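Read through the structure below, which is laid out as structure tokens, and then see the notes.
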Amino acid sequence: MTATALTPRALARQRRRRALAAFWNAFRRDREGVIGLVLLLVCVAVAVMAPLFVDADELSVTRASGPPLVGPSGAYPLGTDDDGRSVLTMVVWGSRTSLLVGLTATAISMVIGTVVGVAAGHFRGRPGGLLDRVTDFFLVVPFLPLAIVLATVLRDRWPDLPKVLAVIVVIGITSWPVTARLVRAQALAVEGRPYLERAKALGAGNWHQITRHVLPNVMPVVFANTTLSVSIAILAETTLSFLGLGDPLNPSWGTLLDGAYSAGAVSRGAWWWAVFPGLAVAVTVLGFNLCGRAVERVLDPRLRGRV
Amino acid sequence: MTLLDIRDLAVTYRTGGGELPAVRGVDLTVEAGQTVGIAGESGCGKSTLAGAVLRLLPATATVTGEVLLEDQDVLAMSWGKLRAVRWSEASIVFQGALHGLNPVQRIGRQIAEPILVHEPGTGAKAAARRATDLLEQVGVPAWRTGSYPHELSGGQRQRVMIAMALACNPQLVIADEPTTALDVMVQAQVLALLRDLVRDRRVGLLLISHDLSVLADACDRVAVMYAGRIVEHGPGGRLFDSAAHPYARALAAAFPVVGDRMSRLAPHGLPGDPPDPRELPSGCPFRPRCPEAVPLCAAEDVRLRPAGLDREAACVHVGVPA
Amino acid sequence: MAIPAVASASETAEVAAAGRRISRAGGGRWVLRKLFGAALTLAFVLVFNFVLFRLMPGDPAKAFLRGRAANPERLIQLRQQLGLGEPLPVQFWRYAMATVSGNLGDSWSMGNRPVTELIAERLWPTVLLSGTSVVLAALIGMWLGARAGWRHGRAFDKLTSGAAIGLYSLPEWWFGLLLLLLFGSTTGLALFPSGGMTDPRGGLNPAVDALYHLVLPCATLTLVYIAEYSLVMRSSVLDERYADYLTTARAKGLRDDQVLSRHALPNALLPTLTLFFMSLGYVVSGAITVETVFSWPGLGYLSYEALSGPDIPLLQGLFLVFSASVILLNLVADLIYPFIDPRVRLA
């Protein structure tokens, strides 16, 4: 029998490992979640392995070799655009930017949102109130107009900034309030718990309280929210690129669709050019959505059997 | 006359983890003008029993046996007949009246609703008047008829539930934990109200509670339930003074006697928890916690046997097998 | 994603729970507080708007005269007109005052017409499109969601929930492209025009023609909004489904549909109504991409056109109008709510 005394650190690590294993077991049994996970793993795999399959020439407007505006056929399973580039190649390549922007923007918004949410929950009074106001302000202002305005200013003010970075920043700035609101609610719940009072009475400083008590209890909510945030971020990037705020040097599915629309793909009957990139977005976002909802179900037993 | 005759009722829930027998063969009768109490800890099946009488259990419940309400088997009725019988012949007063009432509907309307359902000829005004009358009968001011549930106190809400239960002049009223979550003074008032109503209207009352003090005083007969079965039943007042079944004795002993300082110090209470219905011990389900268990208890599942005048108990130490 | 995204289940549950929180409200002081809050947020938007665009480098005067001969005198005159030489707080004050009096500046494109004029002109097509979509989506979506939630786990529920999540994962404008491809006049079944709009005020024929143009963009927006409303309604109904008062209702002898309509729905409706009012605020801004796809001459399309400049005053003005509409409609929703939910006391 185990007689060795484990240090508190080791104990915590062991507990965490067990919790992770339990989470995976529960997640594994959720059919929707597994489907979602498979979908998004496929997308990530495509994005990561794209350079192995894509010939840089095929992406260039001038050097592409295919016949323009050909429908799905043998050599071009997804058809070609009006410059003769294979839509399949472009969709595969576009996955990189779309996923990159989605994941990075989410990472930014998650970090900012968690920091602000925890701070707003912990520091009541003036600073907390101010953070609340800022969060609420960003929540009220409608997303797309705000994003458009921010993107325009960024591009104008810093024209040398890679446009893709501008998109990432804009999405990050417009998404953190949603995370912050969730985190704030959870942090407030944690703050009210008795063991935090005890910790304070024992002399725990703000830093210790936050990192050892509040943060670990807030993280499950953050993780559940993250997967869904990625899908929102990918949709946001696609929309912004479609409106012309994307980065032509780093084509994503959104810029593809913008190109298709601007070239009049619809009126010229080149439906493959508009349909397939959008389908790629839909499948990826669906994957993240299914996965995210499954994560929520697993982490919050109240939602089980309901959602 | 016999209002309610429950014969060999058994209720099993189908859950993801297997079958859960909540009620395992219960026989019970309630006569007109009689108050019958059911006592037991949480999880013994008493609320399931209450729900089964009017077939209010979820679809996952399998119900067998007979529930004769004025000689008609509720379990065999068609849906239409059942809906007609509900509330007009037997009604229920639920526990936790805060959630038993629709939060966004005025209480006058909620009381009048069953009247309009079961006596469609009654106009809305007449039904509203009857509702107001009922409120006054239970001691709630008539002007409250336009109030919402959250505007009333806990005691008032419970009274509203009682008024509502009487709306269609049923023969039988089932009160499931009517005094839980009320403070002692209000409890006494509600019990007095129930007693008066039973006396004045000659209804039969099935009173379910985990609180023995409530039952001992108000009931003509009391049945003690454990693990889905009745383990003892007998006359109300005397049952707990001289309980035959060890569980009933332990229940009675768990309540200190007011005024007797020594009883507070005497050891009482039962170790352990009620058994998981999915994993009942062999033989008598009370055996693991019973201070008087003998080897025979593990072998034989004891049924009710005579244990004195007008009394039965399911214990090997009691009398001889019936 | 025009409406606040409610894809996450916990957020859906949160909205559903928000409708049930018993709170104190009402009375003159409360109304004043809400009004003040809205005004404050509006002021923030104004400041934000101003600061953001002052960050732009370059000479607004030159941009204003873009493409036209800019003789130095004209530039100086213009700079003075635009108040560009003055200290920042003064500029802000002028901007605030101008805005409050309804002057949002002149557009840099579109023939330098006043921004207010352009917005007023394009406002009602957007309201027509988005308003119709929201109302249709609310009615249909709530019915679907209620039925799905009441018959939890059955085929109808699984089907509608699955469809809702699917719709939710699409960019709404891409769905519009699909519809265009399928039904538009240049390809596919050629059932509907592929864009634009006609003025319905000329009589019956123009009105019918306008309606004809409305079908596809409206269908696009409606289907996406339906997904959202049905998910929220479903969640609210599920919350109520196991409530005790429903058992009481059944015990009274009510039929299943009566239990749903008389007891469960009124309670479940509250959070959905909250969402509905909240989404009204986004009616104005929500259709930006769909209008673009269908060339529907509303504020959304105007935004897209302003982007190509970028036409700063126009973008600024549009941002203000979009934000103000959300703030205003949220205020209305807040003020109306106590009248809908009897549990919120009117002090």
Side-chain angles (χ1 to χ4, degrees), chain B residues 47 50-51 53-60 79-107 109-120 146-151 157 160-161 164-165 167-168 170 173-174 176-177, chain C residues 16-26 146 150-155 157 236-274 336-347:
Chain B
S47 287
V53 172
L54 285 176
R55 272 164 69 177
L56 287 169
L57 299 174
T60 53
W79 271 110
K81 185 84 171 76
L82 176 67
R83 279 203 320 269
V85 159
R86 276 178 179 170
W87 222 254
S88 59
E89 282 178 34
S91 64
I92 303 193
V93 177
F94 287 106
Q95 59 180 319
L98 173 58
H99 305 291
L101 293 168
N102 186 340
V104 299
Q105 216 178 50
R106 298 179 204 270
I107 59 172
R109 240 187 97 189
Q110 297 192 50
I111 299 177
E113 182 176 33
I115 301 176
L116 292 169
V117 167
H118 293 282
E119 298 165 42
S147 304
Y148 289 98
H150 68 271
E151 296 174 315
R157 280 195 292 267
V160 168
M161 291 287 285
M164 199 160 66
C168 299
V173 175
I174 305 172
D176 189 357
E177 305 272 9
Chain C
R20 287 198 318 275
R21 269 197 281 275
I22 299 177
S23 56
R24 284 195 176 275
W150 196 243
R151 296 176 193 214
H152 178 47
R154 308 244 276 265
D157 179 25
S236 317
V237 168
L238 280 179
D239 271 347
E240 303 300 322
R241 207 160 157 264
Y242 299 105
D244 288 339
Y245 66 86
L246 291 184
T247 314
T248 310
R250 269 185 220 110
K252 285 192 207 168
L254 291 173
R255 285 192 318 265
D256 195 49
D257 60 284
Q258 288 171 319
V259 174
L260 172 64
S261 58
R262 291 193 205 179
H263 293 273
L265 274 185
N267 280 278
L269 217 51
L270 296 172
T272 321
L273 280 179
T274 310
I336 289 189
Y337 196 75
F339 293 98
I340 303 179
D341 187 351
R343 289 168 297 176
V344 174
R345 275 175 231 237
L346 290 168

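Proteins get letters first, then strands, A, B, ... in listed order; numbering begins at 1 in each. What you are looking at is a predicted structure, and each value in this text was computed from that prediction instead of being measured.
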With a 4.5 Å cut-off on side-chain heavy atoms, are C:Thr247 and B:Ile92 touching? no
Rounded to the nearest 0.5 Å, how far apart are CE of B:Met161 and CD1 of B:Ile111? 10.5 Å
Gap separating the CZ atom of B:Arg86 from the CG atom of B:Leu56, nearest 0.5 angstrom: 4.5 Å
Only one of C:Asp157, C:Leu238, C:Leu265, C:Leu260 passes side-chain contact (heavy atoms from CB on, under 4.5 Å) with C:Trp150, and that residue is C:Leu260
Where does B:Val104 contact chain C at under 4.5 Å (heavy atoms): side chain, backbone, both or neither? both
Side chain, backbone, both or neither: which part of C:Leu246 has an atom under 4.5 Å from a heavy atom of chain B? neither
Among B:Glu113, B:Met164, B:His118, who wins on heavy-atom pairs under 4.5 Å with chain C? B:Glu113
